[in-house]
Amino acid sequence: MIGLLLLVAGLWNCTRQGADFARPALIPQPQELSWKDEVFQLENNESLIQRLVNELPGVPRNVEEAYRLKITADSAVLEAVTEQGLYRGLQTVRQLTYSNKGKQLIAGCNIVDWPAFRIRGFMQDVGRNFQSMEMLKEQIDVLAAYKFNVFHFHVTENPGWRLESKIYPQLNAAESMTRQKGNYYTQDDFKELVAYCQERHITLIPEFDIPGHSAAFRKAMGFEAMNDPRVQPVLIDLVDELCSLVPAEVMPYIHLGTDEVWHSYEEPSPTLLPALLERVTQHHGRELIVWRPGQKIEGDSVSITQLWSSGGHPKPGHRYIDCRLNYVNHLDPLAGISQLYFERINGAAHGDSLRMGGILCCWNDNNVNDEYDILIQNPVYPSILTYSETSWTGQKKKIGEKYLAKLPEKGSELLEEFSAFEDRLIQHRDQYFVGKPFPYVKQTNIEWKVLGPIANQGDVDAKFLVEEKLQDTYRIDTVNYSWQGPFIVGTIHLSHFFGYPSYLPKEEGTYYAYTQIWSPKDQTVGAWIGFHDWSRSGGRRGGPFPEDGEWHNTHPKAWLNGELIAAPKWNKPGLASNTEEIPFTDENYFFRDPQSINLKKGWNEVLLKIPVKKDTWKRMFTFVPVHQNAEGVREVEGLKFSTDTKLQ
């Protein structure tokens with residue numbers, strides 16, 4: 001274990017130069033932590049004592065993954081009741097270890113730690129977009145380092161059946177697939193991936209998504225509909241083949257989808273799902289997981305339901321896994337991280353006999369040019385670290401949906417807590433993810449005020465006095481308008497596309513946003529600028545995509561010190577909404593080159609115009625100065641933000 005720990009440390013370039021008594025940023029934050037102003041010098045692999053004990057007093061739940069760590073100047077001792085617990089503790093040791101004057105030191109502390117939930121997972125959809133073994137292993141290494149224990153492997157979809165079948169090899173034929181044709185995982189690949197997860201104390205959950213999402217299956221097998229009597233024996237064969245690859249003690253869960261049966265040809269026969277339930281649970285001794293909402297299975301009293309969408313509610317008496325708020329493909333980096341942080345998994349501070357935990361999902365539905373675009377064009381790594389925090393530590397405060405689409409109020413305790421987490425997240429970005437996609441910068445120092453919506457009678461190009469003169473209030477067409485705020489945030493959801501409470505009601509019209517940026521010198525910097533951003537699913541949902549010369553089809557505008565900032569020259573302007581087969585390249589602010597802006601020494605005024613139409617899906621904006629180089633994206637040093645117009 002120590003060898004693996006040090007190997008990962010080397011690969012991630014995690015050596016830290018620091019003071020003798022460094023207090024490293026830990027993610028996830030341990031349940032019980034006290035620091036000591038002393039350090040232990042790590043001289044060799046044996047100097048960290050690891051031992052199994054019969055019990056860990058004071059651990060209230062999930063003791064099999066719990067650990068106790070005591071670091072003093074004289075000794076470093078890690079204890080757990082299982083090898084799994086020792087492994088989780090080693091990930092904390094890795095984060096506590098740093099270098100000073102050529103010595104490897106472990107920061108002094110006492111820790112007693114355990115997970116709030118027994119399922120803490122991450123899902124990748126490789127059915128729509130195949131990912132190489134190398135890329136999957138990179139993500140699994142990150143999951144292991146941050147104490148995840150489940151990798152959900154969504155291996156079949158409409159574009160392709162991606163797991164080799166030796167019984168029905170036509171499933172893997174190129175002609176049965178519509179994307180990355182002929183790309184699939186051999187059975188040896190699959191077993192290698194399961195073993196790779198097992199070495200890191202991660203359980204792989206394979207998913208055959210049926211009877212919906214089955215276009216490739218039906219095409220390969222020559223079935224016009226899923227109620228064809230030949231379907232049931234074929235799927236039983238495939239479940240048998242899957243279970244033959246890995247024993248139940250290593251792969252205890254089988255996921256069979258059952259969601260989104262939208263068409264008559266996807267409707268199953270009445271016996272199909274009950275037969276598969278019996279096959280998985282009784283014949284193979286595994287647990288069955290199904291999506292909810294999903295198809296009803298007659299006689300089912302044992303399945304685990306995985307909740308998705310706002311319609312996903314726990315099924316009485318059934319254990320469940322929560323995925324309702326955490327689709328990475330819908331998340332923008334800044335707003336998404338705060339949403340994940342304030343989500344209360346399972347609606348509780350910790351799990352129980354029915355609340356198993358949650359799985360973070362990456363459904364990059366759209367086609368991609370390159371597999372790694374999935375990690376570049378979705379905030380995967382910052383989301384994993386944030387979900388690590390909330391699924392291990394638990395969101396202890398009962399705050400409902402109040403902060404899923406906005407940050408807490410300026411000066412509030414909750415904002416201070418999020419800001420402290422943000423600082424830890426940024427330290428991990430700079431320390432462990434150099435050269436890897438990690439689109440997040442500090443936003444709790446940014447503030448905006450917003451005015452509107454001003455009625456524009458459907459004319460998104462209508463101009464108002466705000467563009468000519470800044471004042472506290474405006475009277476336009478007999479209506480008084482005043483600025484609201486300050487709102488502390490980098491990305492503002494005026495109103496949220498999934499209906500979470502946000503800053504303003506869902507109305508049409510023209511909004512304006514204002515802030516000031518203080519710069520210590522004249523300088524040209526980059527800026528993340530985006531309006532009504534795009535999910536990486538459903539094509540250009542809310543489209544069409546803008547033409548050259550426009551930021552969005554609603555014609556928003558951005559001014560810096562009274563000068564209009566030109567919109568990017570798009571790679572693929574004017575695309576219609578339903579263009580999921582045309583890959584993204586520069587649509588979202590965080591994976592295109594930052595816009596170049598000129599800040600003068602002192603205060604700089606930023607004014608944004610954000611028209612909203614009835615069919616505008618993501619009603620939002622982002623304007624954040626950034627510095628980007630080969631290491632990644634970083635904050636611009638020395639900047640301050642204010643909405644106080646008296647500063648001018």
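The basis for the numbers below is simple: all heavy atoms, side chains too, and nothing from hydrogens, waters or symmetry mates. Position 1 is the first residue of the sequence; numbering continues from there. Quick caveat, the model's predicted, so the values are computed rather than measured.
The side chain to side chain donor-acceptor pair (under 3.5 Å) test with Asn378 singles out one residue from Asn329, Asn364, Asn588, and that residue is Asn364.
For the pair Phe623/Thr515, no side-chain contact is recorded, criterion being any heavy-atom separation below 4.5 Å from C-beta on. Using a 4.5 Å heavy-atom cutoff, the side chains of Lys147 and Thr92 are in contact. Between Tyr432 and Val142 the shortest side-chain heavy-atom distance does not fall below 4.5 Å. Contact of the Leu193 side chain with the Ile140 side chain is registered, since non-hydrogen atoms from C-beta on lie closer than 4.5 Å. For the pair Val39 and Lys103, the minimum side-chain heavy-atom distance is 4.5 Å or more. A heavy-atom distance below 4.5 Å is found between the side chains of Phe342 and Ile399.
If you look at Phe487 and Trp448, their ring centroids are not closer than 6.0 Å. Remark: aromatic rings of Tyr185 and Phe153 are close, center separation under 6.0 Å. For Tyr146 and His428, the gap between ring centers is short of 6.0 Å. In this structure, Phe148 has its ring center at least 6.0 angstrom away from the ring center of Phe122. In this structure, Trp570 has its ring center under 6.0 Å from that of Phe545.
Counting only residues at least two apart or in different chains, salt bridge (Lys or Arg N to Asp or Glu O under 4.0 Å) contacts with residues 522-542 comprise Arg540-Glu587.
Using cut-offs of 30° and 60° on the angle between ring planes, the pair Phe591 and Phe584 is tilted. Ring planes of Trp528 and Tyr589: tilted class, angle from 30 to 60°. Between His330 and Phe498, the ring planes lie perpendicular to each other; the angle is over 60°, past the 30° to 60° tilted range. Ring geometry, His552 versus His532: the interplanar angle exceeds 60°, so the pair is classed perpendicular (tilted spans 30 to 60°).
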**OP:** Evaluate the criterion side-chain contact (heavy atoms from CB on, under 4.5 Å) for residue pair Lys572 and Thr579; output intermediate values, then yes/no.
**Re:** CA-CA 11 Å; Lys572 298 173 182 177; Thr579 48; over 6 Å; no
**OP:** Kindly indicate, with the supporting measurements, whether the criterion side-chain contact (heavy atoms from CB on, under 4.5 Å) is fulfilled by Ile345 and Phe117.
**Re:** CA-CA 9 Å; Ile345 299 168; Phe117 295 97; 4.0 Å; yes
Subject >> Stepwise side-chain contact (heavy atoms from CB on, under 4.5 Å) check, Glu371 with Glu134 >> reply: CA-CA 11 Å; Glu371 64 172 7; Glu134 179 183 15; 5.8 Å; no
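Looking only at distances, a side-chain donor or acceptor of Gln91 sits under 3.5 Å from a matching main-chain atom of Tyr87. Remark: the backbone N or O of Pro28 is not paired with any side-chain donor or acceptor of Thr393 at under 3.5 angstrom.
In this structure, Thr386 OG1 and Leu331 CG are separated by 10.0 Å, a value rounded to the nearest 0.5 Å. The line from CD of Glu389 to CD of Gln395 is 9.5 Å long, rounded to the nearest 0.5 Å. Going from atom CG of Asn366 over to atom CG of Asn129 covers 8.5 Å, rounded to the nearest 0.5 Å.
Looking at every heavy atom in both residues, His154 comes nearest to Met123 through CB-SD, 4.0 Å.
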